[in-house]
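Since this is a predicted model, take the numbers as computed values, not measurements.
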Amino acid sequence: MPELVVQLTRAGFLILLWLFVLAALRVVRSDLYAASGLRVAMPSLRRGKEKKQRGNSKMPRQLIVTHGALAGTRIALDGRPILIGRADDSTLVLDDDYASTRHARVSLRGEDWYVEDLGSTNGTYLDRAKVTAPLRVPLGVPIRIGKTVIELRP
């Protein structure tokens, strides 16, 4: 009887070990083979808000990647949050080893845009300050995520 218990314990341990290895491989695969590129959300149906923003030249109307692999990329700001990271469903998909799967979010609150770190490993920086809570993003101030730098522009 003790021989049977030892064999069942070994088999159970081996099964748990393989489940762990498969789970780890799945995570690594999702990070390595995350599609790089840009996905831009559909245009907003709220035309009144767009006209209001266009009338005020001080309001940011686009998010621009100034440094990194996607330099020159522009995303129109239509009031919806912009998710930034390596995940396929991000608005701005980064192919950056220092970016997390869900790294940061830029969202509109009232009249101002805010950046928020989503628990990333390497952090999000507004100018040179680490983002630990949602921070208001002024026009032209760089947001650094890994090797990628973005700015809000009118």
Side-chain angles (χ1 to χ4, degrees), residues 15-154:
I15 290 171
L16 285 175
L17 182 64
W18 275 107
L19 288 175
F20 175 76
V21 168
L22 292 175
L25 287 175
R26 183 176 175 204
V27 169
V28 169
R29 186 186 66 127
S30 70
D31 277 349
L32 288 178
Y33 297 112
S36 63
L38 175 69
R39 295 186 185 192
V40 179
M42 297 296 291
S44 174
L45 298 175
R46 295 177 278 171
R47 300 289 180 207
K49 194 170 198 175
E50 285 181 13
K51 288 180 185 175
K52 181 179 176 183
Q53 286 182 350
R54 287 184 187 153
N56 186 355
S57 62
K58 300 287 183 189
M59 289 289 294
R61 292 194 322 243
Q62 56 188 343
L63 181 126
I64 299 177
V65 180
T66 58
H67 293 90
L70 297 174
T73 302
R74 298 172 185 264
I75 298 175
L77 300 175
D78 61 1
R80 287 184 281 183
I82 297 170
L83 183 64
I84 304 168
R86 296 177 65 172
D88 290 337
D89 62 346
S90 297
T91 310
L92 180 60
V93 179
L94 301 178
D95 185 21
D96 188 335
D97 293 336
Y98 299 102
S100 296
T101 304
R102 299 211 187 289
H103 197 101
R105 175 178 27 236
V106 177
S107 58
L108 184 64
R109 295 184 184 179
E111 297 279 322
D112 297 319
W113 286 89
Y114 284 78
V115 64
E116 173 183 7
D117 186 80
L118 300 176
S120 66
T121 304
N122 295 314
T124 302
Y125 293 85
L126 179 62
D127 201 8
R128 294 183 181 151
K130 187 170 185 175
V131 176
T132 57
L135 292 176
R136 189 177 76 79
V137 182
L139 282 174
V141 175
I143 301 168
R144 186 172 56 84
I145 297 171
K147 296 178 183 177
T148 305
V149 179
I150 58 176
E151 293 180 8
L152 295 180
R153 300 267 176 93

- prompt: So, is the end of the Arg144 side chain (NZ or CZ) under 6.0 Å from the ring centre of Tyr125 and within 45° of the ring's axis?
  reply: yes
query: Cut-off 3.5 Å, side chains only: do Thr148 and His67 have a donor facing an acceptor?
result: no
What closest approach, in Å, do [X] and [Y] show between heavy atoms, and which atom pair accounts for it?
X      : Y      : answer
Thr91  : Pro81  : OG1-O, 4.1 Å
Gly123 : Lys130 : CA-CE, 4.1 Å
Pro60  : Trp113 : CG-CD1, 3.5 Å
Arg86  : Ala99  : CD-O, 2.8 Å

Which distance, rounded to the nearest 0.5 Å, do you find between the [atom1] of [X] and the [atom2] of [Y]?
X      : Y      : atom1 : atom2 : value
Thr101 : Leu118 : OG1   : CG    : 11.0 Å
Leu152 : Met59  : CG    : CE    : 10.0 Å
Leu126 : Asp117 : CG    : CG    : 12.0 Å
Ile64  : Glu151 : CD1   : CD    : 7.5 Å

Within a strict 4.5 Å, meaning less than it, do heavy atoms of the [X] and [Y] side chains meet?
X      : Y      : value
Ile82  : Ile84  : yes
Glu116 : Val131 : no
Leu70  : Leu94  : yes
Val106 : Leu77  : no
Thr66  : Arg153 : yes
Thr124 : His103 : yes
Arg109 : Pro134 : yes
Pro154 : Leu139 : yes

Side-chain donor or acceptor of [X] paired with backbone N/O of [Y] under 3.5 Å:
X      : Y      : value
Asn122 : Tyr98  : yes
Asp96  : Lys147 : yes
Ser100 : Thr121 : yes

message: Set out, in order, the CA-CA distance, both residues' side-chain angles and the distance that settles side chain to side chain contact (heavy atoms under 4.5 Å, CB included) for Val115 and Arg105, then state yes or no.
response: CA-CA 6 Å; Val115 64; Arg105 175 178 27 236; over 6 Å; no
- prompt: When you look at Ile75 and Leu92, which way does the side chain to side chain contact (heavy atoms under 4.5 Å, CB included) test go after all the steps?
  reply: CA-CA 8 Å; Ile75 298 175; Leu92 180 60; 4.0 Å; yes
query: Given the rule in the side chain to side chain contact (heavy atoms under 4.5 Å, CB included) test, do Ile143 and Asp127 qualify, once you have shown the distances and angles that lead to the verdict?
result: CA-CA 6 Å; Ile143 301 168; Asp127 201 8; over 6 Å; no
- prompt: Run the side chain to side chain contact (heavy atoms under 4.5 Å, CB included) check on Asp89 and Arg102 step by step: do they pass?
  reply: CA-CA 9 Å; Asp89 62 346; Arg102 299 211 187 289; 2.7 Å; yes
